[in-house]
Amino acid sequence: MSFYIIVNEDGTIETSSSLKIKRKKGNNLIELPSDYTVIDTETTGLDPVFDEIIEIGAIKVRNNEIVDQYQTLLKPEEFVPEFITELTGITNEMLENAPKIESILPGFIEFIQDDILLGHNIHFDINFLYDYIEDVLNLEFSNDFVDLLRLARKVYPEFENHKLATVGKNLNLDISGSHRSIKDCMITHKSFQLLKAKVNNDIDTLKSLWSSYTNSGWTDLTKIKADVGSFKEDHLFYAKNCVFTGKLEKMARTEAAQCVANIGGICQNGVTMATNFLILGNFDYSSNIKGNKSSKLKKAERYILAGQDLQILSEDVFYDLISGN
DNA sequence: TCTCCTCGAGATCT
DNA sequence: CTCGAGGAGA
């Protein structure tokens with residue numbers, strides 16, 4: 001494979017392993033197809049730039065049934081490392097008379113056609129194949145694909161991990177002989193069929209696993225109730241409206257809000273004409289805001305100019321106020 | 001509420 | 001890579 005070294009303007013050196021290679025891959029689908037081709041490759045290592053494919057396996061599925069299969073060992077340019085032989089059982093002797101990948105690629109492409117591809121962590125296999133197919137055939141390997149790993153993590157969150165063998169084991173499949181391409185294709189195919197059944201073959205059921213708001217952890221600060229018996233009625237925050245902006249260094253925002261509630265203060269989510277205190281966190285990390293003022297801060301400053309009883313407090317002053325009672 | 005953003009943590013493939 | 005956390009802003 002090609003090997004790149006790039007010397008940056010600042011003198012630092014990047015090799016191909018640290019280089020982001022742009023591949024125009026197909027779409028990563030969240031679908032439950034009944035027609036697809038499972039693929040799996042064995043390689044001499046994890047890096048598509050330095051390592052080589054030594055075995056390709058594929059299983060063609062139509063209407064959920066296996067209709068054809070493809071399997072070949074491949075002779076690499078370099079020798080197979082010891083640990084790969086231990087992992088896969090593939091020895092240099094076995095590859096002695098195997099074809100080189102260049103000669104079998106056209107046949108492989110013909111086998112998979114424009115099928116949706118299924119694989120476990122299929123990015124790995126596609127990245128390897130993509131580079132060969134581009135180099136040898138000058139073709140873009142852009143089949144859409146379904147990643148069993150991605151689906152299994154959602155559908156079976158209770159599994160101790162989501163390695164292919166673990167998924168297969170938990171689904172009571174025969175996982176002996178894994179780490180050979182055809183066998184792994186088989187485990188992948190059967191796991192996928194069981195996964196489809198688990199979600200009742202219903203794509204909406206599957207997709208609903210992703211639909212929960214990524215923002216579900218958002219807390220409405222006005223709903224935070226004091227969890228202590230009595231308020232500190234002489235405290236600066238007592239019965240006053242408090243708002244936070246920016247990220248607090250020493251505590252989570254909800255913790256800070258809880259402190260305010262326990263004093264008898266009232267937390268708001270945003271600055272209003274009733275706000276009395278705006279507590280300022282930091283914005284360094286937020287590239288949205290960068291050195292600028294947050295919208296809450298700008299709004300507070302306008303209200304202060306208009307004569308509102310509103311004070312802006314630094315994070316440190318806030319800690320002093322809540323701890324030093 | 002909802003959408004968009006970034007950051008950091010944690011897996012998986014051989 | 002993928003995801004969740006936790007922000008902003010509308």
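Quick note on labels: first sequence line is chain A, next is B, and so on, each numbered from 1.
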Given the rule that a pair is Watson-Crick or G-U wobble with both distances under 3.5 Å, how would you write DNA chain B in dot-bracket, using | for pairs to a different strand?
||||||||||....
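In this structure, the separation between OH on A:Tyr238 and CD1 on A:Ile266 is 9.0 Å, given to the nearest 0.5 Å. Here A:Phe83 contributes atom CZ and A:Thr44 contributes atom OG1; the two are 8.0 Å apart, rounded to the nearest 0.5 Å. To the nearest 0.5 Å, the span separating CD1 on A:Ile56 from CZ on A:Phe128 amounts to 11.0 Å. Note that CG of A:Leu148 is 6.0 Å distant from OG1 of A:Thr188, once rounded to the nearest 0.5 Å. The distance from the CD1 atom of A:Ile90 to the CZ atom of A:Arg180 is 4.5 Å, given to the nearest 0.5 Å.
One atom, CG of A:Asp125, and another, C1' of B:dC13, lie 7 Å apart when rounded to the nearest Å. B:dA11 atom P lies 23 Å from atom CD1 of A:Ile122, rounded to whole Å. As rounded to whole Å, 12 Å separates atom P of C:dC3 from atom CG of A:Asn121. Taking atom CG on A:Leu129 and atom C1' on B:dC13, their separation rounds to 13 Å, with Å as the unit. The CZ atom of A:Arg180 sits 17 Å away from the C1' atom of B:dC13 (whole-angstrom rounding). Computed from coordinates, the A:Phe79 CZ to B:dT14 P distance equals 23 Å when rounded to whole Å. In this structure, CZ of A:Phe83 is placed 12 Å from P of B:dT14, rounded to the nearest angstrom. Protein atom CZ of A:Arg153 is 17 Å distant from nucleotide atom P of B:dA9, rounded to whole Å.
In this structure, A:Leu164 reaches the sugar-phosphate backbone alone: every heavy-atom distance under 4.0 Å involves primed, P, OP1 or OP2 atoms, never a base. Among the protein residues, A:Thr44 comes within range of no part of the nucleic acid, since none of its heavy atoms lies under 4.0 Å from any strand.
Put simply, the side chain of A:Asn276 does not reach to within 4.5 Å of the side chain of A:Leu310, judged on heavy atoms.
The nucleotide whose nearest atom lies closest to any side-chain atom of A:Asn161 is, among B:dT14, B:dC13, B:dT12, B:dT12. Distances were taken from every side-chain heavy atom of A:Leu149 (C-beta onward) to each of B:dT12, B:dT14, C:dT2; the shortest belongs to B:dT12. Distances from the side chain of A:Leu46 to the nucleotides B:dT14, C:dT2, C:dC3 place B:dT14 closest.
Contact check, A:Asn28 against C:dT2: a side-chain N or O comes under 4.0 Å of OP1 or OP2. In terms of phosphate contacts, A:Lys163 brings no side-chain nitrogen or oxygen within less than 4.0 Å of OP1 or OP2 of B:dT14. Phosphate proximity of B:dT12 to A:His123: absent, as no side-chain N or O sits under 4.0 Å from OP1 or OP2. Between A:His179 and B:dT14, a side-chain N or O to OP1/OP2 separation shorter than 4.0 Å is present. Between A:Arg150 and the phosphate of C:dC3, there is a side-chain N or O to OP1/OP2 separation shorter than 4.0 Å.
Not a single donor-acceptor pair under 3.5 Å links the side chain of A:Asn200 to the backbone N or O of A:Asp202.
Remark: A:Lys60 qualifies as a cation-pi partner of A:Phe111 under the 6.0 Å distance and 45° angle criteria applied to the six-membered ring.
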